[in-house]
There are 2 protein chains.
Amino acid sequence: MGRSSHEQALQNRSKIVDRASKLFRKFGVDSVTVSDIMKSMGMTAGGFYKHFDSKDALVREAVTLSFEQASNFWAGIAEGSGNAGVASASIVQQYFKRRPPDQTCPILAFAGHVASESAGPLACSAYRAGAKRLFAQFIGKQPECKQNAEVMFAAMIGAGFLAHTLNDDKWVRAVQAAVETTATRNTASD
Amino acid sequence: MGRSSHEQALQNRSKIVDRASKLFRKFGVDSVTVSDIMKSMGMTAGGFYKHFDSKDALVREAVTLSFEQASNFWAGIAEGSGNAGVASASIVQQYFKRRPPDQTCPILAFAGHVASESAGPLACSAYRAGAKRLFAQFIGKQPECKQNAEVMFAAMIGAGFLAHTLNDDKWVRAVQAAVETTATRNTASD
DNA sequence: TGTACATCAGTGAACGCGCGTTCACTGATGTAC
DNA sequence: TGTACATCAGTGAACGCGCGTTCACTGATGTAC
């Protein structure tokens, strides 16, 4: 097979990022090879470097895309809720729902790679920006009870982190339930 | 240099686990090679396999040791406090204090490795047991406000996780502060 | 106590494997006339 | 519209490097007589 059209090539590039985003979130960045990604598209590894300078450059884009999707998802939840407090509680509720592994929260999915030495600078800064963005979105426009919202954010991430790392021991599910009911109770008392 | 005495060999074995525990916590399991560890003892990589079957076997022991140390540290904090609620607040407070990187909380330090595909079964089960143990220790013997304690545990881990992954952006420090003051406030109102 | 032998902790070089990356090549696409 | 040429997306083999692990070997330690 020879050359693709320019338009086709651009589509392929996007598809690489999309596939990478899903594979990385499901298996972890370091467990997914460039070859894995290209194979999942029915292509060979060599062509990858016609689109990206390095794997790190791809990770950067995959991280950015993942955070964008998560951000849109959260925005959709918030839109369906009334005030900002209810929105936070709804996000927590959704956050603990089982989702396909390739849609794992990017804050959790890419943390292992970002924390390791092998993480490139591009991926790190994209992660930083994405995490901050989700945080700001969660806090929303409720400066009055900001401290409480911060705690709930930490609790949500913490419980999600434990579930992700230990894949659902019983006690972790209890922690998630406690966080969820606390989030909704806080809302009710506002 | 030839053979060491039996006693010396046992000491060396312990020292390997100790060094590994520190290096793994500081740089991450996958960033530290068997050769790194042995070199830090002034030895060569080959001798490692006289003590351990595999790197995974070492990781298992390093994880166990790390959790043991963390557990003892928490116990020391709890002993200095009055009731169980105060103990939890004190642990949160200590948890956010800056510590040498080679003493990073094992729940955070080994999470990336455990979550990845490359993690061996030995390391995983040791991690699982250690995390559960620390959780039980945090909750302590206060069944009356267990749900609140669970939330604070999740918040503590979540804020610590963010700090570990993002190494201290300003907003993360704010989250830590919010969790800490909430933990102590909860205690006061009990 | 001294001697001969077996054991085995540690050495250092080499192996094997996986993965990121490179490179010469192919042939369809795009372009200039 | 047709032809000749340049471009370049994708191929597939190979390279280079790092790391976990193996192995023949060394020489001090431990043991049997």
Side-chain angles (χ1 to χ4, degrees), chain A residues 1-20 23-24 27-63 112-113 116-124, chain B residues 1-20 23-24 27-63 112-113 116-124:
Chain A
M1 200 184 302
R3 184 185 177 193
S4 295
S5 76
H6 187 56
E7 188 191 16
Q8 182 61 249
L10 283 182
Q11 281 181 19
N12 287 341
R13 204 197 118 101
S14 294
K15 202 171 169 187
I16 291 173
V17 178
D18 189 64
R19 290 293 176 96
L23 288 171
F24 287 160
F27 299 109
V29 171
D30 296 322
S31 301
V32 176
T33 70
V34 169
S35 183
D36 286 337
I37 298 163
M38 297 307 281
K39 251 182 230 158
S40 87
M41 303 187 43
M43 296 171 73
T44 59
F48 172 81
Y49 294 89
K50 285 282 149 63
H51 296 292
F52 302 93
D53 282 345
S54 64
K55 189 185 180 184
D56 183 44
L58 170 63
V59 175
R60 174 214 174 90
E61 295 202 30
V63 167
H113 179 252
S116 89
E117 299 281 305
S118 65
L122 299 174
C124 282
Chain B
M1 202 182 301
R3 185 187 177 192
S4 296
S5 75
H6 188 55
E7 187 191 15
Q8 182 62 251
L10 283 181
Q11 281 181 19
N12 288 342
R13 204 197 119 101
S14 295
K15 204 172 168 187
I16 291 172
V17 178
D18 189 64
R19 291 292 177 97
L23 288 170
F24 287 160
F27 298 109
V29 171
D30 295 322
S31 301
V32 176
T33 70
V34 169
S35 182
D36 286 336
I37 298 163
M38 297 308 279
K39 251 182 231 158
S40 87
M41 302 187 44
M43 296 172 73
T44 59
F48 172 82
Y49 295 89
K50 285 281 150 62
H51 295 291
F52 302 93
D53 283 344
S54 64
K55 188 184 180 185
D56 183 44
L58 170 63
V59 174
R60 174 215 174 90
E61 296 202 29
V63 167
H113 180 251
S116 90
E117 298 280 305
S118 63
L122 299 175
C124 283

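Lettering of chains follows the sequences in order, A, B, ..., and the numbering in each one begins at 1.
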From Leu122(A) CG over to Glu61(A) CD, what is the distance, rounded to the nearest 0.5 angstrom?
-> 9.5 Å
Between dT22(C), dT11(D), dG20(D), which nucleotide gets closest to the side-chain atoms of Tyr49(B)?
-> dG20(D)
When rounded to whole Å, the CD1 to P distance for the pair Ile37(A) and dG20(C) reads 8 Å
Has Asn12(A) got a side-chain N or O lying under 4.0 Å from the OP1 or OP2 atom of dG10(D)?
-> yes
Tell me: CG of Asp30(A) to C1' of dC19(C), nearest whole Å?
-> 11 Å
Within less than 4.0 Å of OP1 or OP2 of dG10(C), is there a side-chain N or O belonging to Lys50(B)?
-> no
Does any N or O in the side chain of Arg19(A) come within less than 3.5 Å of the main-chain N or O of Met38(A), such that one atom is a donor and the other an acceptor?
-> no
Answer with yes or no whether the side chains of Ser116(A) and Ser118(A) bring together a donor and an acceptor at under 3.5 Å.
-> yes
Report the nucleotide, chosen from dG20(D), dT11(C), dA9(C), that has the shortest atom-to-atom distance to any side-chain atom of Arg3(B).
-> dA9(C)
For dT31(C), which nucleotide in any strand shown is its Watson-Crick or wobble partner with both distances under 3.5 Å?
-> dA4(D)
Return no unless some side-chain N or O of Ser4(B) is found under 4.0 Å from OP1 or OP2 of dA9(C).
-> no
Does the Asp36(A) side chain pair with the main chain of Thr33(A), one donor and one acceptor, at a distance under 3.5 Å?
-> yes
dG10(C): pairing nucleotide in any strand, Watson-Crick or G-U under 3.5 angstrom = dC25(D)
With the side chain of His6(B) defined as its heavy atoms from C-beta on, choose the nearest nucleotide among dT21(C), dG30(D), dT21(D).
-> dG30(D)
N/O donor-acceptor pair under 3.5 Å between Lys55(A) side chain and Val29(A) backbone = yes
Given DNA chain D, 5'-ward residue of the pair Gln8(A) and Ser54(B), judged by closest heavy atom | Gln8(A)
Hey, which of these two, Val34(B) or Ala9(A), hits DNA chain D nearer its 5' end, going by closest nucleotide?
-> Ala9(A)
Winner on side-chain proximity to Ser5(B), out of dA9(C), dT21(D), dG30(D), is dG30(D)
Find the partner of dC17(C): check Watson-Crick (N1-N3 plus N6-O4 or O6-N4) and G-U wobble (N1-O2, O6-N3) distances, both under 3.5 Å, and reply none if neither fits.
-> dG18(D)
What integer distance in Å separates Gln11(B):CD from dG10(C):P?
-> 11 Å
Value in whole Å for how far the P atom of dA13(D) lies from CZ of Phe48(A) | 20 Å
